[in-house]
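Taking it in order: structure first as structure tokens, then the write-up.
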Amino acid sequence: MIEKKYYTVTDRATLELLVQHIKESEYIAYDTETNSLNVRKGKIIGFSVSGDEGIGFYMPTMVWDRNKEELVECEIDGHGCHALAKKTLSLLHGKKLIMHNASFDGRFTKNFYGEDLIPSLHADTALLVHTVKEEGAFGFGGKPFGLKEIAIMVQREIGLDIETKANEEQLILKENIKRNGGSITKTNYEIYKADLNILSEYAAADTDLTLRIFNHFSKVLIEENLVDFFYVDEVMPIYKEVTIPMEEFGVKVDLDLLQKTKIDIEADLLKHSKLVAEELLKIDDVRAWVIQTAVASYPCNNKGTYAQKLCDLESIDLPKSDKSNKYVLNKASLLTLPESAIKDFLISGDEKFLPQNTRLKVSLELWKEENEGKFFNIQSKDQLGKIAFDVLGVTPLSSTTKGKAQFDDDMIESISKDHPWAENLRVYNKLLKVKSTYVDRFFDRHEDGRYYFYFKQNGTVSGRYGSDMQQLPKPKEDGEAAPIIVHYNNVVRAFLIAEEGRILIDCDYESLEPHCFASVTGDENLREIFNKNHDFYSTVAIRTEKLEGVSADKKADNFLKKVDPVRRNRAKAYSLGIAYGMESFALSKTLDISQKEADVLVKGYLDGFPDLKRWREESRKFVKEHGYISNKVGRIRHLPSVKKIHDLMGDAILDWRARKDLEDQYGREQVTNVYRDYRNGLNNCLNYQLQSLAAAVVNRAAVAINRELIKRGIDGRVQAQVHDQLVVNVPEEYAHEVAEFVQDLMENTTKLEGVTLKAPPAIAKNFRDGH
DNA sequence: TAATCTCGCGCC
DNA sequence: AAAGGGCGCGAGATTA
């Protein structure tokens with residue numbers, strides 16, 4: 001029996017104790033300490049395990065050598081600790097491992113030691129907590145799914161006063177790292193520079209905590225009846241079989257195309273910025289504004305930057321100080337100069353000695369330096385706003401929260417017809433966005449030609465992924481925007497490619513959320529749309545507006561999309577929006593129609609689909625009574641404030657007349673907040689049911705696809721997921737075989753009552769051409 | 001200077 | 001009186 005405490009494994013006897021502890025334990029919490037957050041490039045400096053609450057082992061494999069200023073490998077009895085660690089870790093296969101963010105520790109361990117522990121992963125505590133408490137330890141002063149934050153949230157339940165303890169430990173650790181010359185900034189947290197005894201305590205405590213959190217939330221999982229949901233149907237299978245492999249595999253980047261695009265787009269940016277500046281500087285008032293602003297920002301002065309710049313521009317022969325490399329401008333130094341107007345100015349500070357053009361030149365030069373050599377900064381909304389509103393007399397469309405006239409895309413758009421500079425600015429802004437968000441990111445952060453996207457399985461309340469892949473620009477058709485914008489917009493997805501000899505099966509669900517919507521609401525009119533293979537938005541428009549003589553049949557001559565595309569597009573704007581709680585006010589804004597007209601649409605829509613209306617009412621009633629809502633596959637969204645508010649005051653808060661009384665009782669701000677919470681909750685409960693179901697459909701299909709690939713012995717995997725799209729990466733020769741079963745599995749893995757799903761596959765060499 | 005917040009825009 | 005959901009990113013403003 002091992003005593004309850006934490007051990008540091010630096011000798012043979014303790015190592016044997018650790019081995020014994022592993023062998024005796026079934027559930028083991030595991031964690032790594034590393035010198036980097038990059039799982040492919042970093043080093044493991046130690047790992048910790050806990051097989052029992054109160055017990056923790058930390059085995060250091062590398063320690064910071066303060067003299068050498070580097071990490072050196074530890075030894076036990078003359079044996080290197082990396083080899084010993086690998087051997088010890090191999091004992092973990094077949095155990096039930098508990099980790100917190102296993103994708104990190106699991107991939108790190110596999111890369112560094114060649115030990116793949118993921119098959120033995122039993123539970124990830126970050127996901128476990130997310131499953132029963134989807135917002136995590138929100139409001140506990142840090143990351144909602146951070147180990148410490150979670151521990152603090154449940155410290156009473158797990159019998160630890162972790163809050164004070166963790167804070168103390170953090171302080172000691174940080175102090176210690178600093179003393180050893182390490183950095184403790186968030187972006188560069190050099191934990192590996194801490195003293196071994198401190199690091200060890202910290203690491204062992206972490207696995208102990210992980211195990212306690214697992215034990216506690218396992219009970220909650222049972223209470224909430226989510227055991228199968230977590231272990232069998234969704235969370236852990238997705239994590240082990242899809243999420244971690246996706247993060248591990250990454251995506252190949254077309255470096256040649258990237259390189260070429262980088263050069264091209266930089267040239268085009270320069271060209272357009274010049275065009276903007278040229279057009280603007282043709283205007284007298286703008287030129288005057290530049291000078292006036294430059295002088296105001298850098299007024300004439302015989303000291304400081306102005307004087308320095310003056311000497312520079314006029315090549316004044318003065319000595320420079322060694323330290324700052326600046327001209328020495330004290331009196332003694334100045335007196336050595338030959339007589340000149342500038343000398344008089346520098347000594348007296350009286351600007352009358354300087355010719356006006358010299359005075360202005362210096363101010364302008366300094367102003368231009370601030371703006372990277374330009375007369376103004378076209379990336380500065382502030383400067384452009386001043387030019388547009390104050391100089392050119394453009395009328396603002398809107399103002400910021402602080403009341404300043406807003407110079408946003410809408411503004412630019414609205415004046416681009418009359419102002420050529422604005423049109424060029426629009427192009428410039430679009431291109432800059434593409435360059436900074438995608439070109440630079442892929443270029444700077446690819447590793448040997450691969451980019452590793454992240455897929456955070458606990459990133460959303462609905463079970464969707466949080467990922468940096470989700471807003472890759474969708475391909476635009478010619479004519480949708482200026483040709484140059486279309487070009488650069490569309491090149492982004494083409495950066496992401498299949499490897500030599502491999503191919504992508506790119507498969508999107510056809511209107512997945514509307515399908516979920518038709519199924520969940522039980523509305524026959526909605527279900528019929530898909531079963532008849534009609535056009536969704538056309539049908540919605542026809543029923544809502546009671547249109548006659550038009551059809552939602554895609555093949556009919558009077559197909560609405562052909563004869564009245566405007567009406568169909570309007571339906572696009574509200575068909576899901578209204579289901580999620582949108583009202584006439586917001587609809588009138590998005591469609592740019594009167595609120596009365598919008599009101600007719602909202603009423604028409606709800607009347608046209610009576611079961612949808614009923615579903616909205618029933619869902620809201622349920623949340624008011626129970627404080628949570630579940631989706632069709634059992635994932636839960638807690639909305640306790642709705643129940644709380646409803647218990648307290650019923651629906652009075654929704655009635656503005658009743659609100660007046662409530663304001664007297666509770667105060668105005670309080671009532672406003674309560675109103676917002678209540679309203680949000682009542683809308684969330686609608687959206688959640690559909691969005692989370694759609695996520696489950698896609699994720700479960702992904703698991704099924706990876707299993708099928710393994711079963712058939714095909715070297716392939718789901719490589720990426722973007723909400724309702726899966727990208728499967730396989731050897732070229734399997735393209736058609738895989739495409740066939742990918743479609744089948746996406747359409748049939750999760751059956752939605754009353755509708756059949758459609759997911760036609762495309763075969764492509766990159767992430768663009770499948771669309 | 002770095003961390004954090006807010007805004008506007010991209011995606012579904 | 002206030003009036004659709006879920007995200008991530010860059011840039012600028014603000015705070016420590």
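Reminder, nothing fancy here: chain letters follow the sequence lines and each chain counts from 1.
In the model, Gln721(A) has no side-chain atom that pairs as donor or acceptor with a side-chain atom of Gln725(A) under 3.5 Å.
Legend: ring pair (Phe, Tyr, Trp, His ring centres under 6.0 Å) pairs involving residues 586-622 of chain A, not counting sequence neighbours, sorted by first then second residue: Tyr574(A)-Tyr605(A), Tyr605(A)-Phe609(A), Phe622(A)-His626(A), Phe622(A)-Tyr628(A). Contacts classified as ring pair (Phe, Tyr, Trp, His ring centres under 6.0 Å) and involving residues 669-690 of chain A (residues at least two apart or in different chains) are not found.
A heavy atom closer than 4.0 Å to some atom of DNA chain B occurs in Arg464(A), Gln470(A), Gln471(A), Leu472(A), Pro473(A), Lys474(A), these being the qualifying members of residues 460-497 of chain A. Interface residues of residues 652-663 of chain A facing DNA chain C, ordered by number: Trp656(A), Arg659(A); criterion, heavy-atom separation under 4.0 Å. Contacts between residues 425-438 of chain A and DNA chain B, defined by a heavy-atom separation under 4.0 Å, are made by Lys430(A), Lys433(A).
A distance of about 28 Å separates the P atoms of dC9(B) and dA1(C), rounded to the whole Å.
Comparing atom distances between the Thr185(A) side chain and each of dA2(B), dG6(C), dG8(C) picks out dA2(B) as nearest. Closest contact between the side chain of Tyr675(A) and the listed nucleotides dA2(C), dG8(C), dG4(C) involves dA2(C).
Secondary-structure stems of DNA chain C, taken as three or more successive Watson-Crick or G-U wobble pairs (i with j, i+1 with j-1) under a 3.5 Å distance threshold, comprise B:1-12 with C:5-16.
At least one side-chain heavy atom of Asn683(A) sits under 4.5 Å from a side-chain heavy atom of Arg620(A).
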request  = Any chance you could lay out the salt bridge (Lys or Arg N to Asp or Glu O under 4.0 Å) test for Asp599(A) and Lys596(A), step after step, and finish with the verdict?
outcome  = CA-CA 5 Å; Asp599(A) 206 44; Lys596(A) 267 193 181 156; over 6 Å; no
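Between Glu545(A) and Arg570(A) there is a salt bridge, since at least one side-chain N of the basic residue sits less than 4.0 Å from a carboxylate O of the acidic one.
In this structure, Met411(A) atom CE and dC9(B) atom C1' are separated by 18 Å, rounded to whole Å.
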